[in-house]
Every structure is written in C-alpha cells, then in structure tokens.
Amino acid sequence: MLPYYALVGIPLFYGLFKNINPIQQKKKANGEVIAFFLIFFFLLVLRDFIVGTDLVGYIYHFKRTTYLSWNKIFNMEDIEIGYWVLMKIVSFISDDFRALLIVIALICCIPTAYFYYKESDNGVISILLYLTATSIFPMAFSGLRQTVAIVFAIPAFYFVKNKKLILFVLTVFIASLFHKSAWIMLLLYPVYYFKLRTKHLSSVVAPLTALVFLFRNSIFDFLLKFVGEDYQDKYGSATETGAYTMIILIALFVVFSFVAIDEDNIDEETNGLRGILVLTLMLQIFASLNHVAMRFNYYFLLFLPITVTRALSKSNKLDKEIINVVKIVFVVFFTAYFFYDAYTGADTLSIYPYKSMFAN
C-alpha cells in the first residue's frame, strides 16, 4: 500500500506547504495536481499485470494485434475500432504489452492533469474527489478502452464552452470509437447551457431527481433499447445493487453548489459545471440498478472535482472561516475514506494492494 500512501501523501504535503508559505499563497498554480498525476502515471506504467481485473483480456487482444493485417483490423467487431487502431500503432513500436500501458497512461494522465491544474480552485480537494467520488481512478487500472474514451470529455467540454458544435460532435464520435458508451457525452452541450439558479433547486432539480428515482426501473429498461444488443447483454435486467452511498454524496454536492454560490457572481462556466453535476446525480441513480450502468456516468463524474472546488471558492454567502472548516473536513474525510475503502472495500477491479512489475 506504500505507493498509494505516496500518491496521496506527497500532494497533501505540497498543498500544506503552499498554504503556509506566503509566497506560494499568492500563486494559483496547482502544483499538487502535477505531483499527483506524475505519481499516478508511474503507478499505471509500473504495475504488475495482475493489478486490474481486465488486463488479461487486453493482453490477449494486444498479442493478436501484432500479427493481424490492417484489413482485418478494420473488420474486427468484438472491440471498438479506435482501440484496435491504437493497439496496432503501438505494436509497430513494441510487441511488449507494457508499451501499450505507457501510451494509455500518457493519454489518461496528461489531459486530466492539465484540466485539473487549469480549472480547479483547490488542487488537493480535486485530487481527493478524483480518487474517491468519480470511480475513474480504479477504472484507469482495468478498463483501458473506456479510460481513453473518458479523456475525450475534456476537449469536448472546451468545445462546448467555446460553442464549437461541429468539433464537439467530432470529438464525441472519436471517443465512441474507443467505447460506444461515449455517445452519452452529447448531453454535455444542452446541459451546459441550461440556466439553473438557486430557485430551481426546489422547483426543478429536487422534483426531477425524485421522479427519476421513483421510476428508475422503467426509465432504465427504456434506455437500454437505444444502446444496442451488445450492451443489453452486458447490462441485463435491472436489479437492486444497494449502491446508494454515491447517490447521497453527489446529492449533497448538488445542494451545496446551489446553496453556497452567490447567484449574482456566478459565471457561465460555473453554471454549466453545476448543470453537469445535476446530470451526474440523475445518471448515478441508475447505478442502484446495475453497477455497469455507472460506466455511462464516468464522462460526467470527471467534472465533479472541479465543480465542487468552484462552489467552495465562490461561496460568498458563507463566512470564510466556515469555508475553511469545510475544506479541512473535506481533506480529512476523503483521505480517510480512500484508505478505508482500499483496506475494506470490495476491490472489484483488483487494484489493492498495489503490486509493481519488480515484485517478482
């Protein structure tokens, strides 16, 4: 577990140093974000192949790629074509599966590090929420295809923000070549520009959330008709999973983002991120029916760590001392939660304890 202690501890100590150093306090630079993703990159690259449940299957497909022609690559149907092409390109460099891990780790870490470094108003809290509240962290060790697809949500977000509709749709299309679930990112555009205000929390968000929760079985069955037969086979019928903790947590974040932010000072981007957070809550409800349904929510959960820090920094309604206490509570709680879950959680993707390639 020592690598995970370093992953969390080093950025935390950097953030603490920044907060007590008068010179560093004047800088907005989120150096802790860079430190975190640099360590994360090496953990992804240097792990043993038993760290990540799905790696065995990915190794098999990569070995197949080395002797398949381009003609056969473009006619493969068991995996999305974008991932086949990526594997084929990497196979020209090396037939070692670790070369593919390096490429995907770069694809995962560089854009996400840039996004959190640039957009987060509190690097430490964003890191901790990325580890605990998005489920993207464990996915990066196992689900290589969707890990690549999720990263496309970042340029998609900027294209939405700058109203580049054609480039946005093209980005979503490319992401879908790695994982078909990426088509759900099309919701980013309308949700980002939906104007939500404090009054809408009780008049729109709360009633809509209640309706989605009450009729989640019927809605889930209806939506499955549009995702294709292969996904219907994977998802199966709706069954209770008991996954309500994350629903409650995201609901609390949604309430905080409405209650704390001063509507007179909210900018369009923060309002758009808040709209995405509301959508995240709606989609998370379906995780209570099927764990795999959460795969559709990864593209939007990526923005949660940014939205929460924006709400904290724009909480003009609350006293600064209260906000500082909230920040401390966030850091302590989510740090403890990460390690508690690491030691006692289900670990369905087999990432705990960490085992490096040098272990044997």
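Quick note: residue numbers are just sequence positions, from 1. Because the structure is predicted, anything quoted here is derived from the model rather than measured. For the numbers below, each heavy atom of this structure counts, side chains included, while hydrogens, waters and symmetry mates do not.
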Legend entry - Main-chain N/O of Thr66 paired to Ser91 side chain as donor or acceptor, under 3.5 Å: no
Inset, instruction - Answer yes or no: is there a donor N or O on one side and an acceptor on the other, between the side chain of Thr112 and the main chain of Cys109, under 3.5 Å? - result: no
Inset, instruction - Calculate, to the nearest 0.5 Å, the distance between atoms CG and OG1 belonging to Leu131 and Thr335 respectively. - result: 8.5 Å
Legend entry - Donor-acceptor contact below 3.5 Å, side chain Arg216 vs main chain Ile285: no
Inset, instruction - Using modelled atom types only, decide if a donor and an acceptor are shared between the side chain of Ser126 and the backbone of Gly123 within a distance under 3.5 Å. - result: no
Legend entry - Nearest-0.5 Å distance that lies between atom CZ in Phe159 and atom CG in Leu167: 4.5 Å
Legend entry - Tyr189, OH atom: more than 12 neighbouring heavy atoms under 6.0 Å: yes
Legend entry - Phe303 and Phe115 aromatic ring geometry - parallel, tilted or perpendicular at 30°/60° bounds: perpendicular
Legend entry - Backbone N/O of Gly52 and side chain of Ser142: donor-acceptor pair under 3.5 Å: no
For residues 268-279, run the donor-acceptor check on the side chains, cut-off 3.5 Å, and write out each pair with its distance to 0.1 Å, sequence neighbours left out.
residue	atom	partner	partner atom	Å
Glu269	OE1	Lys161	NZ	2.5
Glu269	OE2	Arg310	NH1	3.4
Glu269	OE2	Arg310	NH2	2.8
Thr270	OG1	Asp267	OD1	2.9
Thr270	OG1	Asp267	OD2	3.2
Thr270	OG1	Arg310	NH1	3.4
Asn271	OD1	Arg197	NH1	3.0
Asn271	OD1	Arg274	NH2	3.4
Asn271	ND2	Phe194	O	3.4
Arg274	NH1	Ser257	O	3.1
Arg274	NH1	Glu263	OE2	3.0
Arg274	NH2	Leu196	O	2.7
Arg274	NH2	Glu263	OE1	3.3
Arg274	NH2	Glu263	OE2	3.3

Legend entry - Test item: Asp347 side-chain N/O and Tyr352 main-chain N/O as donor-acceptor pair under 3.5 Å: yes
Inset, instruction - Hey, can you tell me if Phe339 and Tyr5 have their rings parallel, tilted or perpendicular (30° and 60° cut-offs)? - result: parallel
Legend entry - Check: Phe37 ring centre within less than 6.0 Å of Tyr130 ring centre: yes
Legend entry - Expected output: side-chain Lys72 to main-chain Thr65 donor-acceptor under 3.5 Å: no
Inset, instruction - Decide whether Val8 and Val332 are clustered together by the hydrophobic rule: side chain heavy atoms of Ile, Leu, Val, Met, Phe, Trp, Tyr closer than 4.5 Å, transitively. - result: no
Inset, instruction - Start with the C-alpha gap between Phe157 and Tyr192, add the side-chain angles, then the distance that decides, and say whether ring-ring contact (aromatic ring centres under 6.0 Å, His included) holds. - result: CA-CA 9 Å; Phe157 171 80; Tyr192 182 88; 5.8 Å; yes
Inset, instruction - For the pair Asn30 (side chain) and Ser120 (backbone), establish whether a donor and an acceptor sit closer than 3.5 Å, ignoring hydrogens and angles. - result: yes
Legend entry - Flag, side chain of Asn162 to backbone of Lys164, donor-acceptor distance under 3.5 Å: no
Inset, instruction - Classify the angle between the aromatic ring planes of Trp70 and Phe92 as parallel (below 30°), tilted (30 to 60°) or perpendicular (above 60°). - result: tilted
Inset, instruction - Report yes or no: does Tyr354 contribute a side-chain atom to a donor-acceptor pair with the main-chain N or O of Arg47 at less than 3.5 Å? - result: yes
Inset, instruction - Mark yes when over 12 heavy atoms from residues, nucleotides or ligands other than Tyr4 sit less than 6.0 Å from its OH; otherwise mark no. - result: yes
